Structure formats: structure tokens, C-alpha cells
Amino acid sequence: MDTAKDALFLGVDVGSVSTNLVLVDKEGQVHEALYLRTQGRPLETVLKGMKKLAELYQNDQIQGVGTTGSARNLAAIVVGADVIKNEITAHAVAASTLVPGVRTILEIGGQDSKLIIMKDGVVTDFSMNTVCAAGTGSFLDQQASRLQIPIEDFGKLAVDAKHPVRIAGRCSVFAESDMIHKQQMGHSLEDIIGGLCEALVRNFLNNLGKGKKIEPPIVFQGGVAANIGMCKAFEKELGHVVKVPKYHKVMGAVGAALLASEAVVQRGGNSNFKGFTVAEQPFRAHSWECSDCPNLCEIIELKESESILARWGDRCGKWTNSLPAFSEVSKSVEVEATTPS
Amino acid sequence: MKITFPHMGNMDIVLKALLSELGHEVITPPPITKKTLSLGVQYSPEFACLPLKVNIGNFIEAVEKGADTVIMAGGIGPCRFGYYNQVQREILKDMGVQLNMVVLEPPDQHIGELLKRLRLITGSNSWWKLIKAIRFSYEKCLALDAIEKEASRLRCRELQRGDVDKVYRQGRKAIDQARSVKEVRKKQEEYIQAMQALPLDWHKKVVKIGMVGEIYTLLEPTASGYMEKHLGYLGAEVDRSLYLSEWVNEHLFKGLLSVKGHKETRKLAKPYLSCVVGGHGQESIGGAIEYAHKGFDGVIQVGPLTCMPEIVAQSIMPLIEKDYGLPVLTIYTDEQTGEAGLITRLEAFIDMLERKKLAIRQIDI
């Protein structure tokens with residue numbers, strides 16, 4: 001096998017709902033994309049993903065690793081990342097590589113949503129929802145399971161809506177009670193689901209779109225982009241075609257992989273990648289409450305067999321700094337890790 | 001009389017100096033911690049903004065340490081902070097906490113009014129002694145602002161994480177302990193030099209970020225989730241549009257001293273917001289424009305959730321962004337202490353500014 005040709009970059013995106021691992025080559029072509037459910041166990045899910053990849057690829061094919069998502073620091077320590085980036089940058093990089101010329105990125109994930117405005121391949125403005133659970137994937141999930149419709153069919157039903165009813169989209173609690181009320185009134189399921197999609201789109205644009213000019217080409221990504229109902233609702237509201245890239249579910253991971261390829265080149269070709277064998281290592285994370293001051297920080301400790309890999313969560317840095325310094329990357333991990341969550 | 005006061009950044013040292021000079025026993029509330037916040041949230045109305053909640057927490061903890069009198073700022077104008085002292089008085093009364101409240105309202109016309117109000121706590125001290133005490137504490141205020149400013153400027157350049165903050169903390173302590181104006185000035189100089197002597201990367205290309213917004217969240221690091229520190233760690237040089245000494249000079253001394261004021265700032269805001277909306281709404285707009293003039297890369301607006309003046313300013317920010325080509329990020333803070341979300345936004349903002357700068361440089365070549 002020609003390894004130079006097969007040089008790949010690993011991107012890991014650990015979110016609240018899904019954990020994605022992708023392998024991307026230098027040109028940005030996606031060779032492998034894994035979409036796993038996090039189910040509240042990010043550490044185990046990353047290891048599971050690594051195990052799957054280990055069956056298909058060799059360690060020396062991996063030239064660089066990047067992590068993103070809310071558990072990016074945890075994932076970075078486990079796999080040995082070269083770059084740790086926030087979700088917004090990762091999504092923007094992926095979208096501008098896979099859809100050249102993109103101006104607007106709509107992203108709806110499990111727990112948050114983002115609106116990114118780009119010009120000439122550079123982010124010029126963004127917003128991320130702060131206060132609202134309505135308008136996220138988890139809420140759609142919840143409604144789908146309440147109505148006992150598989151989430152995959154949810155969007156298709158919305159498209160069949162003849163007269164989408166108006167649902168209150170400001171708040172998920174209001175939205176749910178409004179939906180129940182509309183059901184009791186006898187509206188069809190399609191109309192209610194169609195109305196819900198429109199409400200979520202309204203919520204998204206009201207929360208994030210303030211003062212921002214949304215221009216085509218528009219890309220819609222994140223797990224919710226699989227929902228045709230949501231795409232149609234966006235198109236109706238914005239008056240433009242909304243593109244859904246093939247790898248819309250794993251764009252964050254693609255972005256992380258692309259950023260890793262940049263970082264590795266800058267550094268002269270060395271990667272911190274620990275190898276797929278990490279999947280066999282007994283990683284363990286546990287936490288305790290530090291009672292040295294009234295802040296009562298929750299300290300998290302990550303261990304590999306008996307050696308402590310990292311600690312974070314302390315506001316004062318006492319626990320974090322009690323470990324010998326790692327390489328450059330793990331230093332930047334510490335920076336973010338010093339913040340309690 | 002055992003006097004206490006709420007925390008707001010470095011204000012504790014300043015007020016302690018003032019009151020001690022006047023011969024009072026001072027009880028500084030314990031530093032703001034999770035406990036302070038929990039106490040504050042427990043006893044405050046839910047929709048009140050963060051400053052009120054933290055203040056209540058400070059008061060309760062200070063009373064536990066034996067305080068019986070509290071000095072609280074008042075205010076005029078549309079910002080509800082102006083009546084917080086009354087609300088706080090009632091909350092404490094309902095709780096059965098024994099605490100006298102001395103309210104310092106900014107003078108309407110003349111500095112004499114402030115002195116009159118201060119008379120309540122000045123007791124039998126002579127005017128001369130009072131003026132001397134004010135001068136001494138104000139000197140501390142200036143020195144603290146100076147070292148804090150330097151820390152925000154240099155934090156992004158430190159080679160060893162935490163160095164700058166270590167010196168800053170020592171400097172804060174030294175200024176707290178200084179006994180004369182001369183000593184205060186000496187300590188200020190000493191610690192600024194110590195900071196500059198740290199192993200720093202002077203060649204590092206950094207993005208410059210200006211912070212505007214509501215005074216409490218700007219001045220009190222715990223109220224903004226240590227935003228200045230995080231920005232520094234993420235590689236940004238930070239400047240604030242407001243420091244305590246400036247506010248004191250402008251609002252309490254009525255601009256008596258030649259410290260930078262916000263008259264010009266407000267004038268800049270006029271084309272966008274011509275009237276006072278309370279708090280620092282106008283200053284936020286004007287401050288952002290000032291930073292644009294100074295060539296800063298971006299501005300972060302910060303305020304407590306539901307802060308009306310900042311909401312007004314926020315709705316105007318897109319215009320500023322467009323007219324001056326200056327990216328603005330607005331962040332509201334509340335009781336939450338989970339900082340991961342905050343850091344994601346700050347990091348994305350800095351990434352955006354860096355990549356933008358890089359793109360401009362490439363076009364130049």
C-alpha cells in the first residue's frame with residue numbers, strides 16, 4: 001500500500017448527542033465517517049470509535065489528529081490530538097472546504113445551534129444560541145419519541161403538511177404544550193409537525209439571525225439537517241435554496257481533521273497521535289469535590305492504568321498544576337481545563 | 001461600627017483604605033465564591049440581575065464575619081441598579097439580618113453633596129482628614145487599575161502560564177498593605193516592572209480586543225466568568241473601556257481630576273444613541289467606536305442577563321459593526337459557572353479575528 005497516497009487525518013467531534021470520527025485526506029476528501037451516539041459516555045464512545053477504525057486502518061496512515069465539540073479536551077488527551085478547536089471554527093473550515101464559496105452556515109446540533117456568516121472563506125460573524133432548548137436536535141428527538149414516530153420519518157411527515165399550524169417556538173415548554181393543544185383540537189399530525197419545523201426555524205432566525213445578513217449559498221449542517229422538513233422550512237423562510245452537504249452529520253469532525261492537517265504542516269510533520277491501540281487501554285475518569293475553599297470545585301481526573309493523564313475543573317489551578325507539564329498541546333488543554341464546568 | 005461593602009473588582013482595597021483612614025473597623029466580605037453566589041441566588045428575586053444577587057451574598061457573608069453596617073452605591077436614571085439598595089435593604093430585613101445601610105448616591109450638582117453623605121460615616125473626623133483619606137484611597141485605586149491594565153495587556157504574552165497573574169496578585173496585596181501615597185506609587189511602579197521583567201514573548205502576534213459593557217460585569221472578574229483571563233490565555237491583548245478610578249472621578253468627583261473620562265465616549269455614541277438609557281448603554285456604543293478608531297481587532301460587550309441598557313446597546317451594535325467594520329460579540333452572564341460554553345465563544349471569536357487578519361495580510365502580499 002502506498003502510504004504517502006493514503007496519508008489521512010483523523011477528526012474527532014464529541015458532542016452531547018453524537019460522537020463523530022472521520023478520516024480525511026489532504027484534499028479534504030472524506031474516506032471514512034463514523035457517527036456514534038454519545039449516550040452520556042464520551043470517553044467510552046471515543047474508544048469504541050477508535051476500535052472500529054483500528055480494524056480498517058494502520059497507525060502510520062494517520063498524519064494528524066484534531067478534536068472538537070464540547071468534550072474536545074477529554075478526547076484530545078485520549079487520542080493525542082495535534083489541535084483542539086471550538087465547534088464554530090471547525091464547522092466553518094469544513095463547510096468552506098467542502099462547499100467552496102459558502103456565505104452562510106446554519107448548524108443545528110443536539111444541544112446548540114449556530115449561525116456562521118462567511119466572506120471569502122473567512123468567518124466574519126457568528127452566533128451561538130445561549131438560552132434556549134427549543135430549536136435543537138434534542139427537542140425534535142423528544143417530540144418524535146413522544147409522538148412515537150421514528151426521528152428519521154419526522155421530516156418526511158412535515159413535508160406532507162397541507163396547512164402547517166402555528167406553534168409557539170420561543171420556548172420548548174410552550175412549544176410542547178401548544179402542540180398537545182393543537183393535537184386535541186384535531187389537527188393532522190403532518191400539519192402539526194410541519195408547524196413545529198417552521199416554529200423551530202423562526203426560533204433559530206430570531207435568536208441567532210439578529211442584525212445578520214443571510215446570503216446564499218447557504219449550507220445547512222449538523223444532525224438536524226437530515227430532517228427534510230427543517231430544510232424546507234428554512235427555504236420557505238429565507239427564500240433561497242438550502243444545501244445539505246453529503247457529510248452534514250460529521251462536518252465538525254471534518255473541520256477538526258482539516259485543522260489538524262494545517263497544524264501538522266506548521267509544526268513540521270510531527271503528530272501527537274497515540275495510535276489506535278488506545279482503544280485497548282483502560283482509561284478511567286473519576287471526580288471529586290475539592291473542599292479546600294468555598295468554591296467547592298468539581299475536580300475530574302483522567303487515568304490511564306495507574307498513571308494520571310490530566311486533571312481539570314479547579315478554579316485555582318491547584319490540581320491542574322500538580323501534574324508535570326505535558327507537550328505543547330496538552331498545555332493548551334490545561335488552559336481550557338482550568339475552567340470549572 | 002463594623003463596616004462592610006459589596007465586592008466589585010479591586011474596590012475592596014480602595015474602600016478598606018478609605019474607611020480605615022477614617023478610623024473605622026472594616027470587615028471585607030470573603031471573596032466571591034460558589035457559596036456567595038448560592039446565598040445570593042437563594043434570597044434574591046429570580047429576575048434581578050447578577051450584581052444584586054452577588055451583593056446579597058456578600059452582605060450575608062460579611063454579617064457572618066461580624067459586620068453591622070454596609071456601604072452601598074445608589075444611582076439615578078433608568079438602570080434599576082439605582083433602587084437595588086432599597087430592594088437589598090428589604091431582603092435583609094425579611095431575612096432578619098441586622099445591617100445598617102449607608103447609601104452613596106452620586107452627587108447631582110457638586111462634590112459637596114457627596115461629602116455631606118459621607119459625613120454619616122466620617123463621624124467626628126475633620127474635613128481635612130476626610131480629604132486626605134479620600135486622596136490616599138484614590139491613589140490606591142489608580143495604582144490597582146494600572147497594574148490590572150498591565151496584566152490584561154501582558155497576559156497573552158507570558159511563556160509560563162499564570163506568571164502574570166501571580167505578580168498581579170502580589171501587587172494587589174502590596175498595594176493593599178501600603179501605608180502612604182508615596183509607598184503606593186512605589187509599589188505600582190515596582191510591580192509593573194516585575195510584570196514586564198517576566199519571561200514574555202514580545203514578538204507574538206496578538207489580536208487586540210476591547211471590552212465594553214456594564215460596570216459590574218466589567219470590573220468584577222467572577223461576574224464575567226474571568227473573561228479577561230480567558231481572553232489572555234487564548235492569545236488576546238485586552239483593554240477595558242472602564243476602570244474604577246475613571247468611574248469614581250467622573251461620577252463621584254464630577255471630573256475634578258485629569259483622569260480619562262467618558263464625555264468623549266458618550267459624544268461618539270450620539271449619532272446612534274442620543275439619550276441616556278441608564279447604566280453604561282451609551283458608553284458601550286461609544287466605547288466600541290473608540291476601539292474602532294484605535295485599530296482594535298474586535299470588541300466584546302458584556303453585561304448581566306436582562307440588563308436593559310446593554311440590550312439597547314446590543315441592538316445598535318450591528319450598525320457599529322457595519323459602519324466601522326468592527327466585529328462585536330455580546331455575552332450575557334448570569335448565575336451559571338459552567339465556563340466551557342463561554343470559552344467556546346471566546347475562542348471562536350478570537351479565531352475569527354486571527355483568520356480575518358491573516359486573510360487581509362495575504363491579500364496585501
Side-chain angles (χ1 to χ4, degrees), chain A residues 68-74 84-93 96 111-112 114 116-131 209-213 259 262 289-290 293-298 312-313 315-317 320-321 325 331-332 334-341, chain B residues 30-39 61 160-162 165 222 225-226 229-230 232-235 305 314-322 325 327-334 336-360 362-363:
Chain A
T68 188
S70 43
R72 56 186 180 277
N73 294 315
L74 180 71
I84 305 163
K85 269 290 168 215
N86 62 82
E87 302 89 293
I88 294 165
T89 307
H91 276 285
V93 166
S96 64
Q111 277 298 319
D112 59 24
K114 309 165 193 83
I116 307 170
I117 309 286
M118 301 192 79
K119 203 183 162 195
D120 305 323
V122 177
V123 179
T124 56
D125 205 356
F126 68 84
S127 44
M128 193 170 172
N129 75 338
T130 44
V131 285
K210 277 196 190 105
K212 295 182 180 27
K213 211 168 170 195
L259 284 161
E262 273 179 33
E289 198 177 76
C290 170
C293 85
N295 267 325
L296 304 177
C297 298
E298 196 98 348
W312 58 85
R315 214 174 257 270
C316 63
T320 314
N321 297 337
K331 245 187 223 162
S332 62
E334 276 178 55
V335 180
E336 293 184 43
T338 44
T339 60
S341 44
Chain B
I32 299 172
T33 58
K34 212 185 249 175
K35 189 185 156 210
T36 319
L37 203 54
S38 322
L39 283 170
E61 285 188 309
Q160 185 71 40
R161 177 109 311 138
D165 278 311
T222 54
Y226 300 95
K229 195 170 87 183
H230 289 312
Y233 287 175
L234 289 164
L305 190 69
Q314 185 196 7
S315 63
I316 298 170
M317 284 300 180
L319 275 176
I320 310 283
E321 281 189 287
K322 205 177 94 213
V328 180
L329 176 71
T330 303
I331 287 180
Y332 289 111
T333 64
D334 198 16
Q336 88 269 39
T337 46
E339 280 166 347
L342 172 70
I343 292 170
T344 298
R345 287 167 182 84
L346 296 181
E347 193 193 297
F349 191 61
I350 290 175
D351 269 354
M352 174 177 106
L353 301 179
E354 270 171 356
R355 285 188 165 243
K356 214 167 142 188
K357 240 178 159 174
L358 204 72
I360 292 168
Q362 275 164 353
I363 292 164

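Quick caveat, the model's predicted, so the values are computed rather than measured. When reading the values below, keep in mind they use all heavy atoms of this one structure, side chains included, and skip hydrogens, waters and symmetry mates. Here is the naming used below: chain letters follow the sequence lines, and residue numbers restart at 1 for every chain.
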Contacting moiety of A/V123, where chain B heavy atoms sit under 4.5 Å
both
Does any non-hydrogen side-chain atom of A/R72 lie less than 4.5 Å from one of B/T344?
yes
Go through the atoms of B/Q314 and report whether side chain, backbone, both or neither lie under 4.5 Å from a heavy atom of chain A.
neither
Give the minimum heavy-atom separation between A/L259 and B/R355, together with the two atoms involved.
CD2-NH2, 3.1 Å
Return the minimal non-hydrogen interatomic distance between B/M352 and A/D125, and the atom names on each side.
SD-N, 3.7 Å
Identify, with sequence neighbours excluded, every residue that meets salt bridge (charged side-chain N to carboxylate O under 4.0 Å, His left out) alongside A/K119.
none
Looking at A/T124, A/L296, A/I88, which one has more heavy-atom pairs under 4.5 Å with chain B than the rest?
A/T124
Under 4.5 Å from any heavy atom of chain A - which part of B/Y332:
neither
Return the SG to NZ distance between A/C293 and B/K35, rounded to the nearest 0.5 Å.
11.5 Å
In terms of heavy-atom pairs under 4.5 Å, which option from A/K210, A/E87, A/K213, A/K114 contacts chain B the most?
A/E87
List in chain and number order the residues that pass side-chain contact (heavy atoms from CB on, under 4.5 Å) with B/T333, two or more places apart in sequence or in another chain; answer none if no residue qualifies.
B/L50, B/T217, B/V302, B/I331
